[in-house]
Every structure is written in structure tokens, then in C-alpha cells.
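To start, the structure under review is shown below, and the notes come after it.
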Amino acid sequence: MNAEPQAIRSYRLMAHHLDQKLPMAGLEQAAGACGLQNSPPGSWETALFNRLQGCTLQSLQDALYRHKRLVQAWSYRGVPAVFPTAESDVFLSPLAALPGEEPWIYTRGVTAALDFAQLSFGELLPLVKKAAAFLNGHTVKSKEELDRVLAALVEQDLPPEKRALWNAPSMYGSPDRQTVGGAAVSFLLRPCSFAGLVVFGERQGASPTFTSFRSWVGREMQPVAHAGNLLVRKFLHCYGPAAPADLAAWLGCSPAQGRRLWGGVQQELEPVHTVGKTRWLLASDLERLRCAGGGGGLLLLGPHDPYLDTQDRALLVEDKALQRLVWRTVANPGVILENGRAAGIWKAKSQGGRLELTLTTWAPLPPAQARRLEELAEQYAAFRQARLQACRFEPLA
């Protein structure tokens with residue numbers, strides 16, 4: 001099958017529920033399409049604002065913190081992600097590497113701490129997992145405190161001759177507040193998350209809290225048959241047509257782990273030819289791609305919206321200089337989306353219940369489109385329980 005870029009964009013808008021908002025009853029459907037990254041904090045809320053009719057900040061927070069329909073944990077690429085509690089095993093357990101498939105991108109940096117403490121990855125991970133059992137029945141406030149508490153528990157299981165090394169000042173920065181052991185634990189919290197040993201609790205002011213899945217939900221994480229296949233299908237449904245390397249990049253895993261997971265669904269795939277490349281899509285989605293049409297109009301996507309979490313960035317914006325404005329090393333902006341393509345970026349500034357939005361578009365907007373963006377800014381401010389103080393349009397520098 002051949003597919004033009006606009007058809008792929010239209011298909012993905014539909015897969016991400018950005019072509020037409022779902023009713024609030026579709027909360028789990030929207031959050032479970034491919035999960036919702038929550039860095040910076042609040043990103044998941046903005047993502048659902050663009051996908052659900054009439055959703056409020058309070059209803060989303062209730063779903064996460066009160067009713068536990070959603071849960072937050074470190075997931076793909078080691079990012080904090082929000083997803084349906086009922087699908088926790090899908091978004092977590094497949095990420096655990098089998099022997100020989102390490103490292104994950106987010107544990108590569110642990111080597112300096114391991115070498116200094118004279119420990120191997122295989123020796124330390126079981127000790128950190130054992131320490132994480134402390135979170136069954138306990139809640140720890142702040143990531144820094146979590147590292148400290150678990151490092152102290154790991155120390156009890158270390159040979160006496162290694163404890164001084166474990167408690168030495170960190171080589172990763174802030175040596176006055178972090179030890180080598182605390183840094184090592186920090187790297188290994190993601191693998192602990194994949195086993196349900198640590199999840200995010202309710203924020204206390206500006207600080208996150210942490211506990212175990214069992215403590216938070218009230219039961220153990222329930223295994224799901226063929227969870228890895230389910231996760232790969234979610235990826236392909238939302239980001240297809242795609243290649244195996246795209247899956248590995250999205251997961252943050254090694255090529256070996258990515259190939260294994262891809263192989264679980266390989267018999268379900270069909271090739272799609274686009275802009276001189278061959279990619280693959282679930283056979284069950286071919287008709288959706290073939291019939292994809294429409295563009296979804298204008299949207300104000302938040303930073304790290306799932307739709308933007310794609311490896312083929314040229315599909316959204318061809319100019320590489322503009323790509324660098326959208327996808328940054330840190331502090332990604334929001335994106336003005338027009339018919340599935342990036343048409344600009346936006347940033348928000350909040351103070352004292354007032355919200356200011358600054359929008360930068362790649363090209364001058366017709367008056368009707370500018371007015372529509374102002375309407376979207378008003379709606380977003382209302383969602384954030386703020387008053388829109390200003391909505392400024394700035395030219396591209």
C-alpha cells in the first residue's frame with residue numbers, strides 16, 4: 001500500500017483521538033491509546049483536555065488521585081506517564097529487559113556509580129528491588145528523599161567493605177545532598193517501576209510522592225497475557241506506519257529488546273510505502289489509513305503531547321531548523337497544530353490566577369485562524385482555572 005504524508009497525519013490524528021473529542025466516559029480510551037507523558041508536571045492534563053469533551057481539571061485529578069482509574073509511574077523511556085490502572089501491566093512489565101538486552105537509555109549513566117561502588121548491575125538491581133518493598137505500606141515525599149531512603153536500605157545488604165564507597169559523595173552533581181548509593185538507586189528506580197514496586201502518589205504542593213502499586217491501588221498489579229504484544233500494537237496504532245527502530249526509540253530500550261517485542265506482532269503487519277520508505281502498519285489498521293481524511297483543524301497541543309512523540313518528525317514539520325524549535329533538549333514548548341502539521345509553537349506563563357499565552361507561528365495567520373487560536377487560548381485558560389490575561393502573537397525570529 002502507498003500512503004501520502006497527509007493521509008498518515010489524518011490517520012494518526014484519529015488514532016490519538018485528536019480529530020474528534022471523546023465523551024468523558026472515554027477517559028481510559030484516551031489515556032490508554034499510548035499513555036500520556038507527564039513531564040513537565042501537568043502535561044497529561046493538557047493532553048486529555050484536547051481529547052475529552054467537557055473535561056475539567058478536577059475530574060482528571062479525581063480520576064488519578066481519588067477513583068484510581070488512572071495511575072502514574074515511570075514507563076517508556078523512563079518518563080513519568082499516566083495510563084489506565086487496568087492496563088498497568090501493559091505499560092510496565094514489557095519494558096523489563098531480558099538478560100543480554102540491557103542497557104536501557106535511562107540506566108546507561110549508572111556505570112560510573114557501579115564502578116566506584118565495585119558492584120555490577122546484576123548484583124545491585126535485586127538489592128534495590130528488595131529495598132523498594134519498603135514502599136508497601138509507606139509513602140515517601142520527594143524524589144531526593146526516595147533515593148536516600150532506599151539507598152539506606154540497600155546499604156544494610158552490602159558487604160561492610162563496600163559501605164564507605166556506597167556512602168561517598170555522588171559524582172553526578174549535588175555531592176552535598178546525594179551519595180553514590182543514592183545516585184545508583186535513582187537510575188534503577190525505572191526497572192523497579194516496571195515491576196509495580198514504585199508508582200507516583202498524590203502531589204503535595206510542588207513535591208511528588210511515591211509508594212508501591214499495591215499500596216496505591218489496594219491490590220497487586222494484575223498480569224495481562226501477551227502484554228508486550230499489546231504495548232507494541234498500541235505503538236503501531238498511534239505511530240504507524242513505523243519501523244522497528246522507531247519502536248525501540250519510543251520505548252527507550254536496546255535494539256535487541258525492540259526487535260524481540262516487534263517480533264511478537266510481526267505476523268500482523270503489512271508494508272506501507274511512503275516518501276520513498278517502507279514502513280509497517282497493523283493489518284487491522286490498513287483500511288483506517290486508506291480512508292483517512294480531514295485534518296482536525298487548529299489545536300493547541302501541550303508540551304510532550306503524545307501526538308508529537310514521533311520519530312518521523314519531518315511528517316509534522318519539514319524544516320529542520322523549525323524542528324529544533326519544537327523538539328528541544330529541555331523545556332519543549334506547546335505546538336500549534338494545523339491539520340496535523342506543526343504551524344507554530346506556544347508558551348504559557350501563569351501567575352496569581354492569570355495566564356498569558358505567547359504564540360509564534362511559522363507564517364502570518366488569516367484573521368479567522370488568529371481568532372480561533374484566541375478562542376482555544378480562552379478555553380485552555382478556563383480549563384486551568386485561570387483568567388486569560390493576554391494572548392500575544394509574535395513573529396518567527
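Only heavy atoms go into these numbers, but all of them, side chains included; no hydrogens, no water, no symmetry mates. Note that this is a predicted model, so its numbers are computed, not measured.
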**Request:** Might you point out which heavy atoms bring Val317 and Trp362 nearest each other, and give the distance in Å?
**Result:** CG2-NE1, 4.1 Å
**Asked** Glu161 and Gln118: side-chain donor and acceptor closer than 3.5 Å?
**Response** no
**Request:** Please step through side chain to side chain contact (heavy atoms under 4.5 Å, CB included) for the pair Arg313 and Val326, ending with a clear verdict.
**Result:** CA-CA 10 Å; Arg313 295 174 174 178; Val326 173; over 6 Å; no
**Asked** Could you go step by step and tell me if Gln369 and Arg372 meet the side chain to side chain donor-acceptor pair (under 3.5 Å) rule?
**Response** CA-CA 5 Å; Gln369 287 186 317; Arg372 177 55 182 158; over 6 Å; no
**Prompt:** Does Arg214 pair with Glu220 as a salt bridge, N-O distance under 4.0 Å?
**Reply:** yes
**Item:** Close side-chain approach of Leu308 to Val335, heavy-atom, < 4.5 Å
**Value:** yes
**Candidate pair Val199 and Ser193, rule side chain to side chain contact (heavy atoms under 4.5 Å, CB included), full reasoning** = CA-CA 6 Å; Val199 300; Ser193 177; 5.6 Å; no
**Message:** More than 12 heavy atoms of other residues, nucleotides or ligands under 6.0 Å from NZ of Lys143: yes or no?
**Reply:** yes
**Asked** What closest approach, in Å, do Ala132 and Cys192 show between heavy atoms, and which atom pair accounts for it?
**Response** CB-SG, 4.4 Å
**Item:** Backbone N/O of Gly182 and side chain of Arg148: donor-acceptor pair under 3.5 Å
**Value:** no
**Prompt:** With distance as the sole criterion, is a donor-acceptor pair present between the side chains of Ser43 and Thr46 under 3.5 Å?
**Reply:** no
**Prompt:** Is the number of heavy atoms from other residues, nucleotides or ligands under 6.0 Å of Gln20 CD greater than 12?
**Reply:** no
**Message:** Between Leu282 and Val232, is there shared hydrophobic-cluster membership here, with clusters defined by ILVMFWY side-chain heavy atoms closer than 4.5 Å?
**Reply:** yes
**Asked** Using a distance-only test with no angle check, is there a side-chain donor-acceptor pair under 3.5 angstrom linking Gln257 and Arg259?
**Response** no
**Fill in**
Between Ala292 and Ala7, the two heavy atoms sitting closest are CB-O, 3.5 Å
**Request:** Would you please indicate yes or no on a ring centroid separation below 6.0 angstrom for Phe134 and Phe210?
**Result:** no
**Request:** Would you please say whether a donor-acceptor pair under 3.5 Å links the side chains of Gln323 and Asp319?
**Result:** no
**Request:** Count the heavy atoms belonging to other residues, nucleotides or ligands that lie under 6.0 Å from CD of Glu145, then report whether that count exceeds 12.
**Result:** yes
**Request:** Would you indicate whether Glu4, at its atom CD, is surrounded by more than 12 heavy atoms from other residues, nucleotides or ligands within a distance under 6.0 Å?
**Result:** no
**Message:** Can you give me the closest heavy-atom contact between Gly137 and Ser215, atom names plus distance?
**Reply:** N-OG, 2.6 Å
**Message:** Assess, by modelled atom type and distance only, whether the side chains of Asp89 and Gln222 contain a donor and an acceptor separated by less than 3.5 Å.
**Reply:** no
**Salt bridge Arg51-Asp305, side-chain N to carboxylate O under 4.0 Å** = yes
**Message:** Any heavy-atom pair between the side chains of Arg203 and Thr209 that's under 4.5 Å?
**Reply:** no
**Complete:** On a heavy-atom basis, the closest approach of Lys129 and Pro191 is CE-O, 4.2 Å
**Message:** Under 4.5 Å between side-chain heavy atoms, counting indirect links through other Ile/Leu/Val/Met/Phe/Trp/Tyr residues: same cluster for Leu18 and Tyr380 or not?
**Reply:** no
**Side-chain H-bond candidate by donor/acceptor type, Arg190 with Ser75, under 3.5 Å** = no
**Asked** Does Arg108 offer a backbone N or O that forms a donor-acceptor pair with the side chain of Thr111 under 3.5 Å?
**Response** yes
**Asked** Can you check side chain to side chain contact (heavy atoms under 4.5 Å, CB included) on Val185 and Trp166, steps first, answer last?
**Response** CA-CA 11 Å; Val185 164; Trp166 186 253; 4.1 Å; yes
**Asked** With hydrophobic residues grouped by side-chain heavy-atom distances under 4.5 Å, do Leu337 and Leu298 end up in a single group?
**Response** no
**Asked** Is the closest side-chain donor-acceptor distance between Thr85 and Ser88 under 3.5 Å?
**Response** no
**Request:** Report whether Val128 and Phe121 are members of the same hydrophobic cluster (ILVMFWY, side-chain heavy atoms less than 4.5 Å apart, transitive linking).
**Result:** yes
**Prompt:** Is it the case that more than 12 heavy atoms not belonging to His226 sit under 6.0 Å from its NE2 atom?
**Reply:** no
Show which side-chain atoms of residues 346-357 pair as donor or acceptor with protein atoms under 3.5 Å away, not counting sequence neighbours.
from   : atom 1 : to     : atom 2 : distance (Å)
Trp346 : NE1    : Leu301 : O      : 2.9
Glu356 : OE1    : Arg392 : NH1    : 3.1

**Message:** Using ring centroids (six-membered ring only for Trp), state whether Tyr239 and His16 fall under 6.0 Å.
**Reply:** yes
**Message:** Closer than 4.0 angstrom, basic N to acidic O: yes or no for Lys162 and Glu155?
**Reply:** no
**Item:** Salt-bridge present (Arg290, Glu287; N to O < 4.0 Å)
**Value:** yes
**Asked** Should the pair Arg77-Asp309 be classified as a salt bridge under the 4.0 Å nitrogen-to-oxygen rule?
**Response** yes
**Asked** Looking just at side-chain N and O atoms, do Thr179 and Asn167 make a donor-acceptor pair shorter than 3.5 Å?
**Response** no
**Asked** For the ring pair Phe200 and Trp74, is the centre-to-centre distance below 6.0 Å?
**Response** yes
**Item:** Lys234 with Glu87: basic N within carboxylate O range, under 4.0 Å
**Value:** yes
**Message:** Hydrogens and angles aside, do Gln61 and Ser59 bring a side-chain donor and acceptor to less than 3.5 Å of each other?
**Reply:** no
**Asked** Shared ILVMFWY cluster between Val272 and Trp280, side chains joined below 4.5 angstrom?
**Response** no
**Salt-bridge criterion met for Arg66 and Glu202 (N-O under 4.0 Å)** = yes
**Message:** Taking the basic N atoms (NZ, or NE/NH1/NH2) and the acidic carboxylate oxygens, is any pair closer than 4.0 Å for Arg371 and Glu374?
**Reply:** no
**Message:** Thr310 vs Arg12, test: side chain to side chain donor-acceptor pair (under 3.5 Å). Steps then yes/no.
**Reply:** CA-CA 10 Å; Thr310 178; Arg12 290 186 185 176; 3.1 Å; yes
**Prompt:** Are Phe213 and Val198 close enough, and set up right, to give a side chain to side chain contact (heavy atoms under 4.5 Å, CB included), and what steps lead you there?
**Reply:** CA-CA 6 Å; Phe213 184 93; Val198 54; over 6 Å; no
